[in-house]
2 protein chains.
Amino acid sequence: MPTDVTKPAKRPGRPRRDQPGLTRQAILTAALALVDEHGLDTLSMRRLASELGVDPMSIYHHLPNKAAIVSGLVGEVFSRMPLELPAGTWQERVRAWAEAYRGLARAHPNLVLQIVTDSAAVSEAAIAISEPLYAALDAAGLAAAEVIAAADTIVDFVNGNALGAAAPGGPDQLAERLAARDTDDPDDADTAPTMRRVHAAGRVTAGFDAGIEIILRGLRR
Amino acid sequence: MPTDVTKPAKRPGRPRRDQPGLTRQAILTAALALVDEHGLDTLSMRRLASELGVDPMSIYHHLPNKAAIVSGLVGEVFSRMPLELPAGTWQERVRAWAEAYRGLARAHPNLVLQIVTDSAAVSEAAIAISEPLYAALDAAGLAAAEVIAAADTIVDFVNGNALGAAAPGGPDQLAERLAARDTDDPDDADTAPTMRRVHAAGRVTAGFDAGIEIILRGLRR
DNA sequence: CCATTAATTCTACGACGTAGATTTTCGAAC
DNA sequence: GTTCGAAAATCTACGTCGTAGAATTAATGG
């Protein structure tokens, strides 16, 4: 009694007109769900195909290779970025842009590395996303070179912060770990004394907002 | 005539006392060289072993798995960070710290992703590296919470900037690409008008320094 | 001298990305 | 209608990867 649990073995051949048929969109949607739920390293062509109820090689008729899938996922995420910001002072617009970008990254922590990498490489999608930031800074009356410097600074900060926010046990548990230092082993109590003292004295709740405020303050002359 | 070019086939067994013998250090050094020269994705146990003139499985007696090698590489890079900064005003010390950290990342562009990830996850090595930055900010007379916010902001910016600096065709060629937009296809001329205008008007040479100055300026009250 | 342990090579397994051949269906030309 | 090329799917297979487990040899401690 072999209890054959394998699938009914679909036959090859182009699907009939009425039958669903695979789609680039369907593939990316399934892949994004898989990555969001189980992490990027569990994304393999075979698993993705089995999720779609399809042969692994079918995917290659809609996307050229695995790298294209991953970059397609980043594009998918980027396409969720609102291209228009609420009106307001230029500072408010910069804050709104930063929050929106940060929201994208936080919605997909398992893709943060790819998102910030793509942003850093200034892909076409990343350019489209940055435009509202430039517009807000331009409205501040800065000189052209200053707009560029400001935008770069903000983008770099936001990327770095997104990375940290998604890191397992990142800056969040830093204070706890520093506090637990001397109790464990007395000899490493002195490797980071300032950090330990400062983290014991003051707690920070909103690191992201604080960073944006520092940068905004630095843009005034 | 089989022209047997395969290696002389070393026999198994523990090496004699005088013979060299594999070392964690030797493995990491070879791996770092391999990664620096050919990129991280060409780092495989088999290639690394062949580089060392050794069987792939030998490596596992010194490092538990491939992930340990990569994180060992990051530790290797971090250990090059100078733990003492030249004296000076607190601003000068912050600048010096940022430059030193940036230098680490620029020296190993193929590892930048792992470096900033490790830094964002605040590994033990990353803590040791950050201490001088905290000390400099503490010397500025900021309140504890302000020191933390400032350090986080600077670390995030520096990480994001390192990522961008290592990205192939990152912010460097951005101006060229924006300038070449309307000539190619007239319909995408409007997707990023502010960016195009601003980049045409002003060129930025030292984005990193400019970012640090903006943040430093933002820390004054 | 003997037993343990350490360091190495050997063999093998399952998973991966994907090239190439095969099968089926669609859609347009005749 | 029939024919025929392209499109969309599956099937088979190759080379590579990380690494578990056994075999082999030398150092080391009793």
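These numbers come from a predicted model, not from an experiment. Each chain gets a letter, A, B and so on, in the order the sequences are listed, and its residues count up from 1.
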More than 12 heavy atoms from other groups under 6.0 Å of [atom1] on [X]:
X        : atom1 : result
B/Glu84  : CD    : no
A/Arg16  : CZ    : no
A/Arg106 : CZ    : no

Problem - B/Asp156: side chain to side chain donor-acceptor pair (under 3.5 Å) partners, not counting sequence neighbours - result: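 Testing B/Asp156 for side chain to side chain donor-acceptor pair (under 3.5 Å), a comparison that skips the adjacent residues, returns A/Asn161.
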Exercise for the section: Applying side chain to side chain donor-acceptor pair (under 3.5 Å), name anything that partners B/Glu131, two or more places apart in sequence or on another chain. Expected result: A/Thr194
Handout entry: Close side-chain approach of A/Met195 to B/Ile127, heavy-atom, < 4.5 Å
Key = yes
Exercise for the section: State, with a plain yes or no, whether a side-chain heavy atom of A/Ile154 is found less than 4.5 Å away from one of A/Trp97. Expected result: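 Yes, close enough: below the 4.5 Å cut-off.
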When the distance from [atom1] of [X] to [atom2] of [N] is rounded to whole Å, what number comes out?
X       : N      : atom1 : atom2 : result
A/Met45 : D/dT12 : CE    : P     : 19 Å
A/Leu52 : D/dA8  : CG    : C1'   : 15 Å
A/Lys10 : C/dT25 : NZ    : P     : 14 Å
A/Met57 : D/dA9  : CE    : P     : 13 Å
A/Leu22 : D/dA8  : CG    : C1'   : 9 Å
A/Leu63 : D/dA8  : CG    : P     : 13 Å
A/Asp55 : C/dA19 : CG    : P     : 15 Å
A/His62 : D/dA9  : NE2   : P     : 4 Å

Practice task
Not counting sequence neighbours, list each pair that qualifies as a side-chain hydrogen bond (donor to acceptor under 3.5 Å, both in side chains) and has a residue in residues 32-48 of chain B.
Solution key: B/Asp36-B/His108
Practice task
Scan residues 31-44 of chain A against DNA chain C and write down, sorted by residue number, each residue with any heavy atom closer than 4.0 Å; if none is found, say none.
Solution key: A/Leu43, A/Ser44
Fill in the blank from the handout: Those residues at least two apart in sequence (or on a different chain) that pass side chain to side chain contact (heavy atoms under 4.5 Å, CB included) with A/Asp55 are A/Met57, A/Ser58
Completion exercise
Given protein heavy atoms under 4.0 Å, the one-letter contact record of nucleotides 22-30 of chain D, with B base, S sugar-phosphate only and - none, is simply --BBBSS--
